[in-house]
Amino acid sequence: MATKVYIIYYSTYGHVEKLAREIEKGAASVEGVEAKLWQVPETLPEEVLQKLGAPPKSDVPIITPHELPEADGFLFGFPTRFGSMAAQFKAFFDATGGLWRSQSLSGKPAGFFYSTASQGGGQETTPLTSITQLVHHGMIYVPIGYTFGAGMFELEKLKGGSPYGAGTYAGDGSRQPSELELAQAFHQGKYFAGIAKKLKGSQ
């Protein structure tokens, strides 16, 4: 039976979604792994999104908490808001109380990817403050560490991400994920999927 990896994200302007699609490719490149993209529900009214200049949402399906136990592992992606996860994703986690009571997600691996506007905007604090969500569910946090190799030490080119997971810088919204950032996202998907597969195989 295939190892199911769910890549679940929230994206306002599309930056996190671009990372998510590369992560999906990386996870799907591992034999025996089935990767699937999901997005969490939007909480802002359409008129507010229009004022923000947010583009229309893609056709990626919306996930509900009751679908989470079907997966063997998760990669959660979101933009930062003042150094922590966006409210839309926090609202999704807040709706998983029933799964917490039953500990339905306990023992499942999970990781994070993210987008910030600036270099000091939360590339490390965003995933760091998000770990509490996994802890209360008894999930296993899987960072990428320095497995991306030389790309982790790139200093000449602007690159998001950290040992916590893949990331990108959006700036004022006009900057798009670079080839190096997308390569790190692909690596995270592949690396995580390999670990999820091993964990499932050991059960």
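All heavy atoms count here, side chains included; hydrogens, waters and symmetry mates do not. Keep in mind that this is a model prediction, so the values were computed, not measured.
Both V16 and F192 belong to a common hydrophobic cluster when Ile, Leu, Val, Met, Phe, Trp and Tyr are linked at side-chain heavy-atom distances under 4.5 angstrom. Follow the hydrophobic side-chain contacts under 4.5 Å out from F78 and you never reach L75; the two are in separate clusters.
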Going by atom type alone, with no hydrogens or angles, which donor-acceptor pairs under 3.5 Å involve a side-chain atom of residues 135-150 and a protein atom two or more places apart or on another chain?
| residue | atom | partner | partner atom | Å |
| --- | --- | --- | --- | --- |
| H137 | NE2 | T96 | OG1 | 2.9 |
| Y141 | OH | Y164 | O | 3.1 |
| T147 | OG1 | I144 | O | 2.7 |
| T147 | OG1 | H187 | NE2 | 2.7 |

Using a 3.5 Å cut-off and no angle test, enumerate the donor-acceptor pairs between side-chain atoms of residues 125-134 and protein atoms at least two apart in sequence or in another chain.
| residue | atom | partner | partner atom | Å |
| --- | --- | --- | --- | --- |
| T125 | OG1 | G83 | O | 3.0 |
| T126 | OG1 | T80 | OG1 | 2.7 |
| T126 | OG1 | G122 | O | 2.7 |
| T129 | OG1 | T125 | O | 2.8 |
| T129 | OG1 | T126 | O | 3.2 |
| S130 | OG | T126 | O | 2.7 |
| T132 | OG1 | T129 | O | 3.2 |

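Among residues at least two apart or in separate chains, there is no salt bridge (Lys or Arg N to Asp or Glu O under 4.0 Å) pair with a member in residues 122-151. Sorted by first and then second residue, the ring-ring contact (aromatic ring centres under 6.0 Å, His included) pairs involving residues 12-68 (not counting sequence neighbours) are Y6-W38. Applying the salt bridge (Lys or Arg N to Asp or Glu O under 4.0 Å) test to pairs two or more places apart or on separate chains, none has a residue in residues 43-56. The list of ring-ring contact (aromatic ring centres under 6.0 Å, His included) pairs with a residue in residues 39-63, not counting sequence neighbours, is empty. Within the structure, salt bridge (Lys or Arg N to Asp or Glu O under 4.0 Å) pairs that include any residue of residues 142-170 do not occur (at least two apart or interchain).
Side-chain N or O atoms of S102 include one that pairs as donor or acceptor with a backbone N or O of L99 at under 3.5 Å. In this structure a side-chain-to-backbone donor-acceptor pair under 3.5 Å is present from Q188 to A166. Panel note: side chain Q39, backbone V60; a donor-acceptor pair is recorded below 3.5 Å.
The existence of a salt bridge linking D72 and K200 is confirmed by a sub-4.0 Å separation between a basic side-chain nitrogen and an acidic carboxylate oxygen. In this structure, E42 pairs ionically with K57, as a charged nitrogen and a carboxylate oxygen lie closer than 4.0 Å.
Donor-acceptor pairing under 3.5 Å is recorded for the side chains of T12 and R81. When only modelled atom types and interatomic distance are considered, K18 and Q176 share a side-chain donor-acceptor pair under 3.5 Å.
Contacts of R21 classified as salt bridge (Lys or Arg N to Asp or Glu O under 4.0 Å), with partners at least two apart in sequence or in another chain: E17. Qualifying salt bridge (Lys or Arg N to Asp or Glu O under 4.0 Å) partners for K190, counting only residues two or more places apart in sequence or in other chains: none. Partners of E67 under the salt bridge (Lys or Arg N to Asp or Glu O under 4.0 Å) rule, at least two apart in sequence or in another chain, do not exist in this structure. Checked against side-chain hydrogen bond (donor to acceptor under 3.5 Å, both in side chains), D172 has the following partners two or more places apart in sequence or in another chain: S174. Partners of E181 under the salt bridge (Lys or Arg N to Asp or Glu O under 4.0 Å) rule, at least two apart in sequence or in another chain, are R175.
Between Y9 and F89, the distance separating the two ring centers is not shorter than 6.0 angstrom.
Looking at every heavy atom in both residues, G194 comes nearest to V30 through N-CG2, 4.3 Å.
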